[in-house]
Amino acid sequence: MSSPSPIVGIDLGTTNSLVAFCDEAGPRVLGEDALVPSVVRFEDSGGVTVGREARERAAEFPGRTISSVKRLMGRSVTDAAAALRYLPYRVVRGENDTARVEVPLGAGPRVVSPQEVSSLILRSLKERASKALGTEVSRAVITVPAYFDDAQRQATRDAGRLAGLDVVRIVNEPTAAALAYGLGAGVTGETGERIVAVYDLGGGTFDISILRITPAQAAGETSFFEVLATAGDTQLGGDDADHALMRLILGDDPESLGHADRRLLQREAESVKWKLSDRETAVAEVTLSVGARRTEITRADYERAIRPLIDRTIEHCRRAVSDASARGAVAIDRVIMVGGMTRTPLVRREVGRQFGLEPYIAVDPDRVVALGAAVQGSILSGSTRGALLLDVIPLSLGIETVGGAVAKLIVRNSTVPARAREFFSTSVDNQTAIRLSVFQGEREMAADCRRLGEFHLRGIPPMPAGIPQLEVEFLVDSSGVLNVSAHERRSGKRAALQVIPNHGLTREEVDRMERESFTHAREDMTRHRIVDLIANSALDLKWIGERFQRYQHILEPENRVELQNRIDELRSILERARTDWKSVDADAFHRAKEALDRASMRLQEVGIAMSLRESPNRLG
Ligand code: AMP
């Protein structure tokens, strides 16, 4: 019997993404170069380049190099307005105000969804994991910021599906970090219950979560990871610090932003930011169309510029602590720092001050989330026993009632999976259809919350207002994804809503994209095959060409002509393949190779050449 496919853990980050796996030896990040920049470049050929190469050459291919796409996942253009100002690629409005990316390609613009872009990153991580583990990986736990709402979670799931991954669980990033800390990569020697806060400031999002970890007291017992409270902001992160620095670099002259290459400017700002984590001053050099500008920035200037951002994170911390104390957390024992931005000294100082504790930075903040996701994967696959993760719902869920208020069925910080039921009725006589609008958020009025979707329950027999008994059930699964159903008890009518968020993808879109991704997969495979052929044949040709030059005198005249022709033939195919791989028919390529092989038989017989087909170690 073959063993089931492994479950890997994926941290799909705004800036970088990682894939990890956990076995008996503990969790580890897969792939040589652990961090894969979350950057995708679309090629004219229809292919894509993902990761470091795409990031490094972003300035050469502006517009078609897509970064920070996590900021657009499951968002409308209106929601993402603040981030849009700085994105160097074009974001357009899709249906329902949904954010879409328009990529200028040779054949005309191509409009892609943020989910598709993310799926390309996931696909690359999937390949890397399959290679590292030596087996096809098709199941994953993917992390999201705790504060991601339902639309953003669904979007992440859809991206996984497009990448050919069965997303077995969506886990909150800070919870994953706590898992890694508590079970795998973390400190040992701590026993007994402890309350930990996870402060996670990444490229685009901020999360704070407070967890109670109850380690197993004896072998065979279960460890509990219970999230007590979570808070955060999905539009607050290191990118905002870059933007603050960009303003400092430009000397608060917004006009000059128009003259700057935003991508280069942001890169320069980011590099200054990193320097200021270790030094007191750094110099930014940018070229604007009005001339070069050199600005010296001190850490104090920088800290002043980002203080409002950090203060916002501290506000969220206060709220989470107060929510957690309502659930019995007395004192925080440890604060774990996660996310690249927590290398900023001001962040460490302020967090330390807020919690009265030295922040814990022993687990690499870039890797801890992926490691935790891998731990969760191993729990789900049954290879790590005795741990139970109790995550929470980050934002309350409810139904809009008459007058526009929201009746909350499941309140924020409820443990998942969660189920809630409530009865509703009609507000006018003889109402035969009821509209149910589902909202998420903490505010009282629907207009101030996020609308997740709506559905209708029709065919209710006419009754006076208030008589129908409509039972509405909310069910949030372990990944935090919501299903809503309604049942009118007197008539027996039922309706259910798989919450397809307004800013997400419709099922049809996902199906279409999935089909397209298969098409691309085929094209990618063909390309792969041709690239391999080119690499192989170039070596073969070099080898045979050299031998031919030296030993042609031993060949019969016809064989000499034939071999020369075959060498020329393959050489010309190779030339063409190098410039335009699509024009090359892989089978014709193979046939030419085989013909060359046959023609060089005589050289092979005398041991001068070798058989092309059996030549080993050719694949790069
Ligand atoms: P993450 O989303 O966790 O990968 O965090 C990425 C964010 O951390 C980006 O905004 C990076 O610029 C930022 N970052 C990475 N290294 C440093 C550093 N040494 N100092 C300050 N910020 C950093």
Side-chain angles (χ1 to χ4, degrees), residues 9-20 29 33-39 51-52 55 58 67-73 83 86-87 118 121 125 142-148 152 156 172-174 176-177 180 198-209 232-246 248-249 263 265-282 284 297 299 302-303 305-307 309-310 313 336-351 359 361 363-373:
I10 293 181
D11 172 4
L12 183 61
T14 308
T15 320
N16 293 302
S17 296
L18 293 88
V19 56
V29 172
D33 206 2
L35 299 184
V36 177
S38 306
V39 182
R52 196 157 302 281
R55 179 177 187 163
S67 54
S68 291
V69 78
K70 188 171 177 179
R71 290 199 156 207
L72 303 178
M73 291 281 277
Y86 295 97
L87 294 178
S118 295
I121 300 166
L125 295 171
I142 303 183
T143 58
V144 295
Y147 228 58
F148 253 26
Q152 294 166 300
T156 306
N172 293 334
E173 287 162 10
V198 180
Y199 178 102
D200 178 357
L201 188 57
T205 55
F206 169 67
D207 273 333
I208 171 79
S209 289
D233 188 336
T234 54
Q235 303 288 312
L236 174 61
D239 289 355
D240 297 297
D242 300 347
H243 301 157
L245 262 174
M246 280 157 76
L248 275 185
I249 294 171
R263 193 183 295 268
L265 188 57
Q266 177 152 8
R267 277 193 84 155
E268 183 65 8
E270 189 177 34
S271 109
V272 167
K273 176 177 81 174
W274 292 359
K275 285 180 195 144
L276 290 174
S277 288
D278 302 320
R279 310 184 207 151
E280 289 299 326
T281 60
I297 294 168
R299 190 187 277 173
Y302 171 58
E303 292 190 346
I306 60 164
R307 182 166 283 281
L309 301 174
I310 309 308
T313 71
I336 306 171
M337 301 299 257
V338 181
M341 262 300 281
T342 59
R343 295 203 173 87
T344 309
L346 178 68
V347 171
R348 292 186 176 171
R349 260 193 345 261
E350 289 304 308
V351 172
I361 46 175
V363 185
D364 181 346
D366 290 329
R367 291 163 200 245
V368 64
V369 169
L371 295 173

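First listed ligand is number 1; within each ligand, the first listed atom is number 1.
- Protein heavy atom closest to atom 2 (O) of ligand 1, with residue, atom name and distance, is Gly203 N, 2.8 Å.
- Here Arg55 pairs with Glu270 in a salt bridge; the nearest charged N to carboxylate O distance falls below 4.0 Å.
- Closest to atom 18 (C) of ligand 1 among all protein heavy atoms lies Trp274 CD1, 3.5 Å.
- Between the side chains of Ser68 and Thr14, no donor N or O sits under 3.5 Å from an acceptor N or O.
- Counting the atoms of ligand 1 from 1 in the order shown, those under 4.0 Å from a heavy atom of Gly238 are 10 (O).
- A side-chain donor-acceptor contact under 3.5 Å links Tyr199 and Thr313.
- Screening Ile306, Ile297, Leu245 for a side-chain contact (heavy atoms from CB on, under 4.5 Å) with Lys273, the sole residue that qualifies is Leu245.
- Residue-to-ligand polar distances keep Gly339 apart from ligand 1: every N/O pair is separated by 3.5 Å or more.
- Judged by distance alone, with hydrogens and angles left aside, the side-chain atoms of Asp207 form no donor-acceptor pair with the main-chain N or O of Pro174 at under 3.5 Å.
- The residues Arg267 and Asp239 are annotated as not salt-bridged, no charged nitrogen and carboxylate oxygen being separated by less than 4.0 angstrom.
- Every atom of ligand 1 is numbered from 1 in the order shown, and the set under 4.0 Å from a heavy atom of Thr344 is 21 (C).
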For this session: Kindly determine whether Asp366 and Arg343 satisfy salt bridge (Lys or Arg N to Asp or Glu O under 4.0 Å), including the steps that lead there.
Result: CA-CA 10 Å; Asp366 290 329; Arg343 295 203 173 87; 2.9 Å; yes
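- Contacts with ligand 1 closer than 4.0 Å are made by side-chain heavy atoms of Glu270 only, the backbone lying farther away.
- Where the criterion is an N or O separation shorter than 3.5 Å, residue side chain and backbone included, Asp242 fails it with respect to ligand 1.
- Of the polar atoms of Ser277, at least one N or O is found under 3.5 Å from an N or O of ligand 1, judged by distance alone.
- Geometrically, ligand 1 and Lys273 share a nitrogen or oxygen pair separated by less than 3.5 Å.
- Between Lys70 and Asp11, no side-chain nitrogen of the basic residue sits less than 4.0 Å from a carboxylate oxygen of the acidic one, so the salt-bridge criterion is not met.
- Looking at ligand 1, you won't find any N or O of Gly204 less than 3.5 Å from one of its N or O atoms.
- At the shortest separation from atom 19 (N) of ligand 1 among protein heavy atoms lies Arg343 CD, 3.5 Å.
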